[in-house]
Number of protein chains: 2
Amino acid sequence: MIPIKMTIADRVFDTLCTAIVEGEIAAGSKISEPELAKRLEVSRASLREAIGRLEACSLVTRKANIGARVVSLSKEKLLEIYHVREALEGMAARLAAENITAHEIIQLQQLLKRHTDEVNQADCASYFQRSGDLDFHYHIVQSSHNERLISLLCNDLYHLMRMYRYQFGRVSQRAFPALDEHSYVVSAIADGDGEMAELLMRNHIRRSRRNIEQMMAA
Amino acid sequence: MIPIKMTIADRVFDTLCTAIVEGEIAAGSKISEPELAKRLEVSRASLREAIGRLEACSLVTRKANIGARVVSLSKEKLLEIYHVREALEGMAARLAAENITAHEIIQLQQLLKRHTDEVNQADCASYFQRSGDLDFHYHIVQSSHNERLISLLCNDLYHLMRMYRYQFGRVSQRAFPALDEHSYVVSAIADGDGEMAELLMRNHIRRSRRNIEQMMAA
DNA sequence: TCAATTATAATTGTCGACAATACGGGCTTG
DNA sequence: CAAGCCCGTATTGTCGACAATTATAATTGA
């Protein structure tokens with residue numbers, strides 16, 4: 001693999017993306033272009049380019065002549081995302097069942113096994129913390145072979161989901177049942193049963209959402 | 001309503017957006033920044049800002065150090081979009097059934113009646129041509145009251161769908177059945193039956209997709 | 001003649017400066 | 001004292017120019 005040529009704006013985007021996801025730049029805080037440009041030692045043009053892309057993946061919001069703010073997190077917005085995920089990833093599972101390649105099935109099963117081992121020997125909590133869960137969903141979405149679906153979930157929503165997971169830092173008690181649900185989805189996909197795969201994936205995500213609703217009701 | 005303050009980049013975006021949607025700037029063609037900037041009489045900075053937003057709604061694709069191209073249309077990509085729409089608008093219909101307001105129901109029913117009248121007295125073809133169909137879907141999505149869903153469908157995918165409808169210019173023979181399907185969806189939403197609303201909306205969109213698959217198989 | 005290479009031209013990425021707009025404090029006025 | 005206006009300051013939007021990269025044309029050598 002040839003080292004890809006990266007532009008300055010690319011690097012700035014990556015830097016700010018992780019900084020925002022990990023909360024180093026606080027959610028809801030205003031972004032000062034002059035200050036950030038000075039701190040990162042880049043021109044405002046490059047910084048603005050990067051901010052534009054952050055806006056595209058919903059990590060910041062901009063208003064004309066006012067500026068950019070890091071997106072603020074809320075229970076309501078998180079639940080909205082879960083509704084969207086239920087719809088999109090359900091469809092992704094259906095399409096994956098129809099279009100997945102033999103090689104991808106093997107990779108998916110290996111990923112599932114690796115996750116199972118991790119959860120069994122380590123404590124369950126660290127699984128979700130280290131976004132092993134996202135890896136699984138990511139892989140299925142890729143296997144749908146629907147470029148637009150992949151773009152929506154893996155480019156637009158991916159960072160935002162990571163941000164919630166990172167900052168809300170829930171230690172889900174659902175590690176074991178979630179893994180079971182994962183394995184059912186994989187089975188349906190391996191069987192080429194799109195209808196069933198979609199149903200199982202939607203149920204899985206809906207349970208996650210309900211779990212969050214409960215935990216945040218407190 | 002107060003006249004909104006628009007920035008130059010906003011106007012350029014609107015101009016280019018309609019130009020691309022309507023094919024005035026050919027699909028697949030390269031965008032020359034110096035030339036366009038001169039023709040629109042704006043600086044390259046404003047133009048690049050606009051191009052960035054065009055990229056965000058998938059009307060152009062950019063590669064580093066190479067430039068931006070207007071997205072190229074294809075049957076495959078269109079079908080991909082229909083899969084995404086089936087998932088997202090299905091969920092939108094479900095949520096609309098749960099969250100729609102009484103006023104929105106009335107508006108929706110009036111819209112449906114207006115469309116029915118148009119189709120009955122004018123010839124059917126013009127209905128879809130003038131994107132009355134998109135209006136209907138747009139309204140339902142709004143009634144879901146899920147901001148992210150609304151953003152995805154009405155900001156990100158909306159222009160692209162208009163572009164396909166405009167440039168592929170199919171004269172659908174499905175005006176009458178489509179209107180029936182619309183009315184069923186409205187009924188389910190008015191009844192507050194989310195499960196049924198989603199099912200009907202998904203079937204509606206799936207039939208549209210299959211119709212396209214047939215017509216483009218030629 | 002064709003392939004490879006170099007040189008030239010054009011395009012994109014980046015920068016610093018200027019113009020337009022929004023923010024904050026003090027003042028005026030009721 | 002509160003509300004509204006005015007003005008200085010800071011921030012964002014816009015511009016033209018330069019640097020880095022890519023595309024194109026010319027040249028050379030086999």
Side-chain angles (χ1 to χ4, degrees), chain A residues 1-20 24-72 155, chain B residues 1-20 24-72 155:
Chain A
M1 193 62 178
I2 297 151
I4 304 171
K5 175 62 189 172
M6 275 182 101
T7 181
I8 292 181
D10 287 329
R11 278 194 297 273
V12 173
F13 171 79
D14 287 343
T15 301
L16 292 182
C17 189
T18 64
I20 290 175
E24 191 180 330
I25 302 178
S29 64
K30 177 155 172 31
I31 291 182
S32 167
E33 292 185 6
E35 183 215 324
L36 251 188
K38 200 170 296 180
R39 190 142 64 88
L40 299 178
E41 294 175 339
V42 296
S43 80
R44 273 186 57 220
S46 302
L47 175 59
R48 284 169 65 84
E49 168 75 25
I51 291 178
R53 295 189 216 172
L54 291 174
E55 187 185 19
C57 56
S58 304
L59 290 180
V60 307
T61 58
R62 284 173 71 182
K63 288 179 184 170
N65 291 316
I66 291 183
R69 301 192 80 88
V70 178
V71 68
S72 61
N155 291 137
Chain B
M1 193 62 179
I2 297 152
I4 305 171
K5 174 60 190 173
M6 275 184 103
T7 180
I8 292 181
D10 287 329
R11 278 193 299 274
V12 174
F13 171 79
D14 287 343
T15 301
L16 293 182
C17 189
T18 64
I20 290 175
E24 190 180 331
I25 301 178
S29 64
K30 177 155 173 26
I31 291 182
S32 167
E33 292 184 5
E35 183 216 324
L36 251 188
K38 201 170 295 179
R39 189 142 65 88
L40 299 178
E41 294 175 337
V42 296
S43 80
R44 273 185 56 221
S46 302
L47 175 60
R48 283 169 65 84
E49 168 76 25
I51 291 178
R53 295 188 216 173
L54 290 174
E55 187 185 19
C57 56
S58 304
L59 291 180
V60 307
T61 57
R62 285 173 71 183
K63 288 179 184 171
N65 291 315
I66 291 183
R69 301 192 81 88
V70 179
V71 68
S72 62
N155 292 137

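Numbered from 1 within each chain, the chains take letters A, B, ... in sequence-line order. Remember, it's a predicted structure, so these values are computed and weren't measured experimentally.
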Expressed in angstrom and rounded to an integer, what is the separation of [X] atom [atom1] from [N] atom [atom2]?
| X | N | atom1 | atom2 | value |
| --- | --- | --- | --- | --- |
| B:Arg48 | C:dC15 | CZ | P | 12 Å |
| B:Leu40 | D:dT14 | CG | C1' | 15 Å |
| A:Glu49 | C:dC15 | CD | C1' | 14 Å |
| B:Met6 | C:dA20 | CE | C1' | 17 Å |
| B:Lys38 | C:dA10 | NZ | C1' | 12 Å |
| B:Glu35 | C:dT11 | CD | P | 9 Å |
| A:Arg44 | C:dG16 | CZ | C1' | 10 Å |
| B:Glu33 | D:dC15 | CD | C1' | 14 Å |

Distance criterion of 3.5 Å, no angle test: do you see the side chain of B:Arg62 paired donor-to-acceptor with the base of C:dG13?
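Between C:dG13 and B:Arg62, which were checked side chain against base, a qualifying N/O pair under 3.5 Å is absent.
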
I'd like to know if B:Glu49 and A:Arg62 make a salt bridge, using a cut-off of under 4.0 Å between side-chain N and carboxylate O.
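A salt bridge links B:Glu49 with A:Arg62.
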
From CD (B:Glu35) to CG (B:Leu40), nearest 0.5 Å:
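If I round to the nearest 0.5 Å, the distance is 9.0 Å.
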
As an exercise, state the distance from CG of B:Asp10 to SG of B:Cys17, rounded to the nearest 0.5 Å.
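It comes to 12.0 Å.
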
Where each residue is assigned the nucleotide of DNA chain C containing its nearest heavy atom, which of A:Ala45 and B:Pro34 is assigned the position nearer the 5′ end?
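Nearer the 5' end of the strand: B:Pro34.
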
Does [X] have a side-chain nitrogen or oxygen under 4.0 Å from the phosphate oxygens OP1 or OP2 of [N]?
| X | N | value |
| --- | --- | --- |
| B:Ser43 | D:dC15 | yes |
| A:Ser46 | C:dC15 | yes |
| A:Lys30 | D:dT12 | yes |

With a 4.5 Å heavy-atom cut-off, do B:Leu36 and B:Arg39 have their side chains touching?
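Counting from C-beta outward, B:Leu36 and B:Arg39 do come under 4.5 Å.
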
Closest to the A:Ile66 side chain, choosing from C:dA22, D:dT12, D:dA23:
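Looking only at heavy atoms from C-beta outward on A:Ile66, the closest nucleotide is C:dA22.
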
Can you name the nearest heavy-atom pair linking B:Ala37 to B:Leu47, along with the distance?
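Reported closest heavy-atom pair: N-CD2, 3.7 Å.
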
Residue pair A:Ile51 / A:Ala68: nearest heavy atoms and the distance that separates them:
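Closest approach of A:Ile51 to A:Ala68: CG2-CB, 4.0 Å.
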
Does atom NZ (B:Lys38) have a neighbourhood of more than 12 heavy atoms from anything else shown, all under 6.0 Å?
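No, NZ of B:Lys38 has 12 or fewer neighbouring heavy atoms, counting only those of other groups under 6.0 Å.
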
Just checking B:Ile31: base, sugar-phosphate only, or nothing, at a heavy-atom cut-off of under 4.0 Å?
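If one applies the 4.0 Å heavy-atom cut-off, B:Ile31 turns out to touch the sugar-phosphate alone, with no base involved.
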
Members of residues 7-18 of chain B that approach DNA chain D, where some heavy atom sits under 4.0 Å away:
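Residues of residues 7-18 of chain B under 4.0 Å from DNA chain D: B:Thr7, B:Ile8, B:Ala9.
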
